[in-house]
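Nothing here was measured: the structure is a model prediction, and the numbers come from that model.
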Amino acid sequence: MVLPQLIALLRNPTLRADGEALLFSAKSFAAAMLAYFIALRIGLPRPSWAIVTVYLVSQPTAGASFSRGLYRMMGTLVGALATVAIVPTFANEPVVCSAVLAGWIGLGLFLSLLDRTQRSYAFVLSGYTTSLIGFPAVAAPVAVFDTAIVRVQEIALGILCAVVIHRYVVPRPMTGQFQAKLAATLHDARRLACDVLNTVSESSCRDDRYRMALDMLALRGLATHLPYDPVTTRLRGPTLRTLHDRLAHLLLLLADVEERISLIHAPGMPEELAQLLYRVRRWITLDTPNGRGTEAHRVFQNARSFGHADDATLIDGLVANIARHLAELVGLLHDIERLGAEASATEVFQGAEKTTGYIFHRDPMMAARAGLGAAFGILLGCFFWIWSAWPDGGLAVSVLGVTCALFGNVDAPVPYVRKYMLGSVYGIAISLIYSFTVLPRVFEFWVLIAVLAPAFLFGGSLQARPATAFMALGITLTVPILVGLGPVYGGDFAEAINSSIALLMGVGFGAATMTLFQTVSPDTAINRLLRLGRRDAAYRVRSRVSAKAVWTNLTIDRIALLRPRLGLSARPTTETIDMIVRDLRIGHAVSRLREQFDQLESEPLSAIQLLLLDLAHHFDRGSPSVDELNTQVEELIARIVVGTGAHRHLLDPLIDLRFALSPVQNSEARA
């Protein structure tokens with residue numbers, strides 16, 4: 001009985017998380033001490049920077065540590081070169097020099113917010129490096145080149161040690177974490193489809209679908225590190241892009257299917273349609289992937305055997321439309337399962353476009369606001385420093401620049417800065433204890449490692465936990481510098497106190513300026529995303545270029561951005577996201593309608609042209625209303641049904657448009 005209990009205990013999620021945090025902390029400490037030892041042996045003047053770099057680069061997985069180290073090295077080189085170019089050029093104009101350095105940091109933050117991939121870390125670190133090297137050099141520009149060279153060497157050493165330890169000492173591959181997240185996401189996709197077909201609560205289904213957008217963003221973030229992982233995966237870039245396109249398409253398709261399910265048992269609908277729905281439900285619940293794969297083609301062909309929308313009556317058109325969506329659902333789920341199993345998926349549905357993969361929402365205006373806010377806040381700090389002639393002002397402004405660079409990529413950075421500041425307070429207290437109580441009694445390197453271990457192991461274990469990661473940074477970045485882990489023991493109490501005051505004032509002033517210039521309220525960010533979505537919808541309605549996958553993937557990213565912000569707002573989450581989803585569905589229906597309309601060989605229907613124009617006006621100025629557009633679409637459907645067969649192929653996209661316009665949420669709130 002003891003062994004099963006021990007196994008159950010080891011599988012406890014909390015215990016496993018604690019074990020992983022301790023392992024990460026031990027590896028980070030080993031890398032930091034290795035970097036420190038090498039820096040001392042080769043005679044680097046500030047080996048504490050190598051220790052700081054280890055903790056900035058270290059990540060729980062080997063792939064993430066490697067990629068982060070690579071991008072940090074790139075950012076460090078660019079930042080050092082920029083500093084060496086800026087400081088000597090404006091050496092005789094401290095205010096101008098400070099303004100240019102602040103502008104460079106703001107530019108790095110601007111570019112990082114536009115990039116939104118793991119590469120953005122390189123842009124952040126270019127500003128970070130400029131702040132650390134540049135502002136202290138404003139008062140002593142002669143030594144800036146030597147300082148930059150030494151700092152690059154120390155940082156490169158820290159990166160090398162962190163990457164080697166995390167990659168080769170009990171490595172934790174990113175591939176396993178990615179595969180687990182992917183398996184959970186694919187399971188959720190099948191469950192969501194099953195819930196929709198079984199008419200589970202509509203609001204619950206929609207909320208789960210929108211939550212899945214966050215999972216897709218997380219998968220994109222994990223996939224970025226896969227090329228740097230020691231364990232390779234067979235899921236290559238094209239496969240991952242195709243898989244994302246299918247998942248994004250599935251989220252949209254489920255909304256279409258959900259609105260059509262209630263019609264299947266409506267009066268006038270053939271019994272064969274209800275039987276088709278039963279077959280699709282039964283296929284989804286099959287236990288084995290092989291069984292689902294074999295049955296998928298039969299179910300798909302069964303759905304495709306229903307008549308087309310240009311056959312006869314409105315009922316025929318509805319039946320063909322519903323069957324087409326069910327066939328597409330089967331094809332998507334089949335493809336997703338094969339792709340997730342690292343097999344090549346055969347497209348079994350029509351209309352597939354070239355794969356695009358994840359597409360990030362980028363907002364140059366909001367990125368510029370953050371970059372300019374950071375630059376202005378840093379410049380204010382520089383004015384105070386230069387005006388007051390504060391001896392430690394260079395350190396304070398340097399910390400201010402680091403704070404604005406590291407935390408300026410979120411809407412409300414101040415809560416994170418407060419955690420960092422709290423960690424810095426702990427770090428200062430630990431540093432003072434070490435500097436003037438412990439280190440004066442240490443004379444051997446191995447004894448030094450032993451006495452440093454408790455503080456760094458504690459900070460590293462906190463860094464491995466998301467809830468305390470920012471506080472941990474305040475400890476692990478403060479202790480090495482304030483303790484003065486250099487070639488010889490310094491122990492200047494006045495210097496330590498002055499540096500501590502400068503550090504806290506830099507972080508505190510950063511929190512104040514970020515509150516004024518870089519904080520965006522949740523409602524402001526939400527309204528901005530909705531306005532951009534509406535603007536793109538208007539363009540989409542007017543454009544003759546389909547780009548269905550591009551717009552779908554962009555909307556998925558916007559949903560992922562909206563969800564956490566809506567959690568901080570009084571606005572209803574599901575109903576608000578419904579707005580941009582409906583715009584997306586309208587745009588897809590209009591694209592199909594325009595494509596069919598442009599292929600007309602007979603005389604075009606002027607009512608179609610008027611409808612397309614009114615749809616564009618609806619997105620531009622909110623008029624005509626959704627109800628008026630619904631009326632136009634219904635009249636067009638009636639004309640086509642009773643008319644000649646020349647325009648009957650317009651019936652299916654018009655039915656799609658009518659469903660898309662249906663007020664899933666309160667249409668008055670939308671207008």
Side-chain angles (χ1 to χ4, degrees), residues 8 10-17 19-21 59-64 118 172-198 200-201 204-226 229 231-237 239-255 283-293 329 332-343 345 357-358 464-467 553 556-557 559-564 567 573-574 577:
L10 292 175
R11 290 179 176 175
N12 183 280
T14 303
L15 188 62
R16 286 188 62 185
E20 290 175 357
Q59 296 291 297
T61 60
Q118 299 301 322
R172 186 187 174 199
M174 173 65 75
T175 301
Q177 187 177 346
F178 174 81
Q179 294 287 9
K181 184 66 176 177
L182 177 61
T185 303
L186 299 184
H187 177 269
D188 288 344
R190 182 167 293 278
R191 177 183 57 81
L192 286 172
C194 189
D195 289 346
V196 166
L197 294 178
N198 288 295
V200 175
S201 170
S204 173
C205 283
R206 291 185 354 244
D207 189 59
D208 286 347
R209 286 201 301 271
Y210 300 153
R211 191 180 299 112
M212 191 172 167
L214 289 173
D215 294 335
M216 295 168 69
L217 177 60
L219 278 173
R220 176 61 177 82
L222 293 173
T224 306
H225 301 296
L226 291 180
D229 208 50
V231 179
T232 57
T233 175
R234 287 181 290 170
L235 281 172
R236 301 300 182 187
T239 304
L240 292 174
R241 288 194 296 271
T242 304
L243 180 59
H244 177 271
D245 286 358
R246 298 294 195 272
L247 286 169
H249 190 176
L250 176 67
L251 292 191
L252 179 65
L253 180 64
L254 289 176
W283 170 75
I284 287 181
T285 57
L286 290 175
D287 293 332
T288 62
N290 290 336
R292 288 195 296 268
L329 177 64
L332 278 174
L333 290 173
H334 173 66
D335 285 359
I336 288 169
E337 186 164 58
R338 287 179 58 82
L339 288 165
E342 303 174 356
Y358 203 98
R465 308 169 196 271
N553 293 340
I556 293 299
D557 186 53
I559 292 173
L561 294 176
L562 276 171
R563 270 198 63 89
T573 300
T574 304
I577 299 178

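- In this structure, Arg338 does not pair ionically with Asp335, as no charged nitrogen and carboxylate oxygen lie closer than 4.0 Å.
- With sequence neighbours excluded, the residues that form a side-chain contact (heavy atoms from CB on, under 4.5 Å) with Ala189 are Met212, Leu247, Leu250.
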message = Would Leu253 and Arg246 count as a side-chain contact (heavy atoms from CB on, under 4.5 Å) here? Give the steps.
response = CA-CA 10 Å; Leu253 180 64; Arg246 298 294 195 272; over 6 Å; no
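- Atom CZ in Arg211 sits 12.5 Å away from atom CG in Leu251 (nearest 0.5 Å).
- Under the salt bridge (Lys or Arg N to Asp or Glu O under 4.0 Å) criterion, Arg292 pairs with Glu337, not counting sequence neighbours.
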request  = Test Leu219 against His244 for side-chain contact (heavy atoms from CB on, under 4.5 Å), laying out the working first.
outcome  = CA-CA 9 Å; Leu219 278 173; His244 177 271; over 6 Å; no
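- The shortest side-chain heavy-atom distance between Leu329 and Leu254 falls under the 4.5 Å cut-off.
- Evaluation of the side chain to side chain donor-acceptor pair (under 3.5 Å) rule for Arg190 yields no partner, not counting sequence neighbours.
- Counting only residues at least two apart or in different chains, salt bridge (Lys or Arg N to Asp or Glu O under 4.0 Å) contacts with residues 178-188 comprise Lys181-Asp215, Asp188-Arg191.
- When the side chain to side chain donor-acceptor pair (under 3.5 Å) test is applied to Asp557, the partners found at least two apart in sequence or on another chain are Arg116, Tyr358.
- Taking the side chain to side chain donor-acceptor pair (under 3.5 Å) definition, one finds that Arg172 meets it with nothing, sequence neighbours left out.
- Rounding to the nearest 0.5 Å gives a distance of 12.5 Å between OG1 of Thr573 and CD1 of Ile559.
- With contacts defined as side-chain heavy-atom distances shorter than 4.5 Å, the pair Leu243/Leu186 qualifies.
- For Arg220, the salt bridge (Lys or Arg N to Asp or Glu O under 4.0 Å) test picks out no residue, with sequence neighbours left out.
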request  = Determine, step by step, whether Phe178 and Thr61 satisfy the side-chain contact (heavy atoms from CB on, under 4.5 Å) criterion, reporting the C-alpha distance in whole Å, the side-chain angles of both residues, the deciding distance to 0.1 Å, and the verdict.
outcome  = CA-CA 11 Å; Phe178 174 81; Thr61 60; over 6 Å; no
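- In terms of modelled atom types and a separation under 3.5 Å, the side chain of Asn553 and the main chain of Gly357 share a donor-acceptor contact.
- Nearest heavy atoms, Gln118 versus Gly221: NE2-O, 4.1 Å.
- Of all heavy-atom pairs spanning Gln59 and Ala64, the tightest one is CB-CB, 3.6 Å.
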